[in-house]
Amino acid sequence: MVNGFKKQAKTNMVGKRVGVIGGGQLAWMMALEAPALSIDLIVQAESETEPAVKIAKQFVIGNVDDAIATNKMAQMCDVITFENEFVDLKGLQELNLKEVFKPSLNTLKPLLDKYHQRSFLQQVNLPVPQFSLWSSQEQVIADYGFPLVLKARRHGYDGQGTFIIKDLECLQQLAKTVPVTELLVEEFVPFERELGIIAARNEAGEIAIYPVTETFQQNQVCHWTITPADVPKKVAEEVKAIAHTILDKLEVIGVFGIEFFLTADNRVLVNEIAPRTHNSGHYTLDGCETSQFTMQLQALTGLPLGSTELKSAGAIMVNLLGFEESDTDYLQKRSQILQIPNSFLHWYGKTSRPGRKLGHVTVILDEKELTQAKSIIEQIESLWYGE
Ligand code: ADP
């Protein structure tokens with residue numbers, strides 16, 4: 001009798017319909033985890049070919065910034081969350097569905113534009129690179145020198161919209177094709193490493209923070225991560241404290257990915273807040289007690305957050321980036337990679353083009369293997385990119 005009652009209460013608590021704006025691999029991984037929580041996942045995807053559409057309970061077709069499609073999806077769900085932040089905030093506000101969005105539209109407001117986001121971080125006294133809006137060419141060069149960094153204020157991803165300007169010629173070249181006066185200007189940070197962290201908060205204010213991850217970007221695109229990052233304890237604590245402050249100040253509900261620069265003298269600067277699950281947290285799927293996708297679903301349906309502990313000493317994640325235009329599924333390369341002990345390969349089912357994220361590999365490591373993390377990454381990359 002008592003057991004029967006308990007079971008009923010639990011079912012009521014998790015029986016939610018969750019909508020996701022976006023239908024890419026992040027929504028796909030969320031859709032894979034939803035059934036275990038008795039959650040129906042509904043996605044708003046740009047087309048039926050997007051990864052999450054195949055496995056979502058229901059879908060609506062609409063671009064990420066199509067608020068009318070979101071309104072349609074709202075009729076089918078209790079909660080709406082985000083896979084992608086390129087939304088039309090004003091359009092969503094006008095729908096008067098405020099309570100439905102988790103994180104709320106107020107939480108998103110300071111984050112969608114890179115200049116607003118840097119300003120928010122500065123206001124709450126968190127360390128960021130020196131930044132400003134464009135003033136004049138002379139002033140920008142006087143303030144920052146070369147190299148300097150220019151960034152599109154919105155819609156930048158995987159380095160699209162981020163320009164590292166090494167000299168005047170490079171700046172003048174860019175100005176021919178891009179309206180540089182509309183960009184965010186910032187100092188070039190000669191970082192030693194880049195770090196990332198995944199953190200979650202629920203409506204009750206409970207916060208869960210994952211271990212600090214080292215991330216490696218080439219040409220501004222993430223290639224691999226190692227968790228835990230091999231950084232001094234003080235650095236890891238600072239990164240976690242910053243994540244805690246950000247989630248608290250913004251009253252976040254859901255999962256956020258936060259990226260950092262670590263300088264040679266161990267200074268930590270916040271580079272970017274992603275108001276959603278993040279590529280730097282993919283290792284959590286196989287590597288942690290609770291994946292970032294389950295965590296997201298738990299956070300926004302009012303369930304306890306769960307453990308962020310690693311299941312072993314560490315984990316690496318390697319992105320499988322497209323290197324050609326093709327619709328092959330690379331089965332042979334994938335099976336070779338899977339020969340590596342304790343490896344897990346997630347294939348998003350997308351057609352290939354250069355630079356596109358087609359899948360990722362996680363390898364779970366024991367204490368000894370963790371010291372060889374970089375050579376395991378090299379092994380995977382040579383199997384993937386080699387002939
Ligand atoms: P996106 O939004 O496209 O991910 P980011 O702002 O995160 O763009 O930049 C992508 C990458 O470019 C970073 O991970 C880093 O490697 C490099 N980068 C960005 N800003 C700076 C900077 N101020 N100084 C040095 N490198 C930078």
Side-chain angles (χ1 to χ4, degrees), residues 22 24-26 64 82-87 108 110-122 126-134 140-141 143-167 170-171 174 178 180 182-198 212-227 229 231 239 242-243 246 256-265 267-282 317-319 321 354-357 360:
Q25 63 264 21
L26 299 175
V64 167
F82 306 87
E83 174 207 64
N84 184 310
E85 58 277 25
F86 302 160
V87 292
L108 291 188
L111 303 178
L112 304 187
D113 170 315
K114 284 185 199 258
Y115 176 70
H116 295 160
Q117 192 181 110
R118 287 251 181 281
S119 306
F120 157 76
L121 289 163
Q122 197 174 52
L126 293 177
V128 287
Q130 183 195 343
F131 72 100
S132 64
L133 292 177
W134 181 275
V140 164
I141 296 171
D143 289 346
Y144 296 89
F146 292 111
L148 59 85
V149 180
L150 296 175
K151 288 183 180 178
R153 291 174 62 175
R154 285 211 68 190
H155 300 120
Y157 74 100
D158 286 351
Q160 309 278 332
T162 293
F163 308 98
I164 300 188
I165 309 292
K166 61 177 198 315
D167 54 27
C170 187
L171 180 59
L174 182 71
V178 174
V180 286
E182 291 168 22
L183 302 181
L184 166 71
V185 191
E186 68 183 38
E187 72 172 297
F188 176 83
V189 180
F191 56 80
E192 208 228 4
R193 266 183 287 175
E194 290 186 82
L195 305 175
I197 200 156
I198 301 294
V212 179
T213 294
E214 174 178 355
T215 70
F216 177 75
Q217 276 67 227
Q218 204 170 22
N219 296 328
Q220 287 118 33
V221 180
C222 178
H223 280 238
W224 52 257
T225 70
I226 301 177
T227 312
V231 290
V239 166
I242 292 174
I246 291 172
F256 273 26
I258 308 170
E259 297 173 281
F260 301 84
F261 298 130
L262 178 66
T263 64
D265 56 352
R267 269 186 321 122
V268 169
L269 300 170
V270 182
N271 175 31
E272 191 165 39
I273 306 171
R276 51 169 169 79
T277 52
H278 193 261
N279 192 180
S280 61
H282 285 0
M317 186 286 307
V318 180
N319 275 330
L321 301 171
R356 196 173 198 203
K357 288 173 182 163
H360 72 266

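Values below: every heavy atom of this structure, side chains too, minus hydrogens, waters and symmetry copies. In what follows, residues are counted from 1 in the order of the sequence shown. Start at 1 and go down the list; that is how both ligands and their atoms are numbered.
Looking at atom 12 (O) of ligand 1, its nearest protein heavy atom turns out to be Gln220 CG, 2.9 Å. What sits closest to atom 21 (C) of ligand 1 on the protein, heavy atoms only, is Phe261 CZ, 3.4 Å. Distance from atom 3 (O) of ligand 1 to its nearest protein heavy atom, with residue and atom name: Gly159 N, 2.7 Å. Ranking protein heavy atoms by distance to atom 20 (N) of ligand 1, first place goes to Lys151 NZ, 3.0 Å. Among all non-hydrogen protein atoms, the one lying nearest atom 22 (C) of ligand 1 is Val149 CG2, 3.6 Å. At the top of the distance list for atom 4 (O) of ligand 1, counting protein heavy atoms only, stands Glu272 OE1, 3.4 Å. At the shortest separation from atom 24 (N) of ligand 1 among protein heavy atoms lies Val189 N, 2.8 Å. The shortest contact between atom 9 (O) of ligand 1 and any protein heavy atom is with Thr162 OG1, 3.9 Å.
Interface of Glu187 with ligand 1, defined as ligand atoms under 4.0 Å from a residue heavy atom, comprises 22 (C), 23 (N), 24 (N). The atoms of ligand 1 that sit less than 4.0 Å from any heavy atom of Glu194 are 13 (C), 14 (O), 15 (C), 16 (O). Near Phe188, meaning under 4.0 Å from one of its heavy atoms, ligand 1 places the atoms 24 (N), 25 (C). Near Phe191, meaning under 4.0 Å from one of its heavy atoms, ligand 1 places the atoms 16 (O), 25 (C), 26 (N).
The residue from Leu126, Leu111, Ile242 that alone fulfils the side chain to side chain contact (heavy atoms under 4.5 Å, CB included) condition with Leu121 is Leu126. Under the side chain to side chain contact (heavy atoms under 4.5 Å, CB included) rule, Leu150 has a single partner from Leu171, Thr162, Val178, which is Leu171.
For the residue pair His278 and Gly257, the shortest heavy atom distance occurs at CB-CA, 3.9 Å.
Without hydrogens or angle criteria, Gln130 side chain to Glu187 main chain gives no donor-acceptor distance under 3.5 Å. Checked by atom type and distance alone, the side chain of Asn319 pairs as donor or acceptor with a backbone atom of Cys222 at under 3.5 Å. A distance-only check finds a donor-acceptor pair linking the side chain of Gln117 to the backbone of Ile273 [under 3.5 Å]. Put simply, the side chain of Arg118 gets close to the backbone of Asn271: a donor and an acceptor are under 3.5 Å apart.
Here Asn271 has side-chain heavy atoms under 4.0 Å from ligand 1, and that is the only part of it that gets that close.
Heavy-atom proximity to atom 2 (O) of ligand 1, evaluated over Gln217, Lys114, Arg154, is greatest for Lys114.
The residues Glu186 and Lys114 are annotated as not salt-bridged, no charged nitrogen and carboxylate oxygen being separated by less than 4.0 angstrom.
Using a non-hydrogen distance threshold of 4.0 Å, Pro129 does not register as a contact of ligand 1.
Ring orientation note: the planes of Phe86 and His155 are nearly perpendicular, at an angle over 60° on the 30°/60° scale. Aromatic ring orientation, His223 versus Phe216: perpendicular (interplanar angle above 60°, classes split at 30° and 60°).
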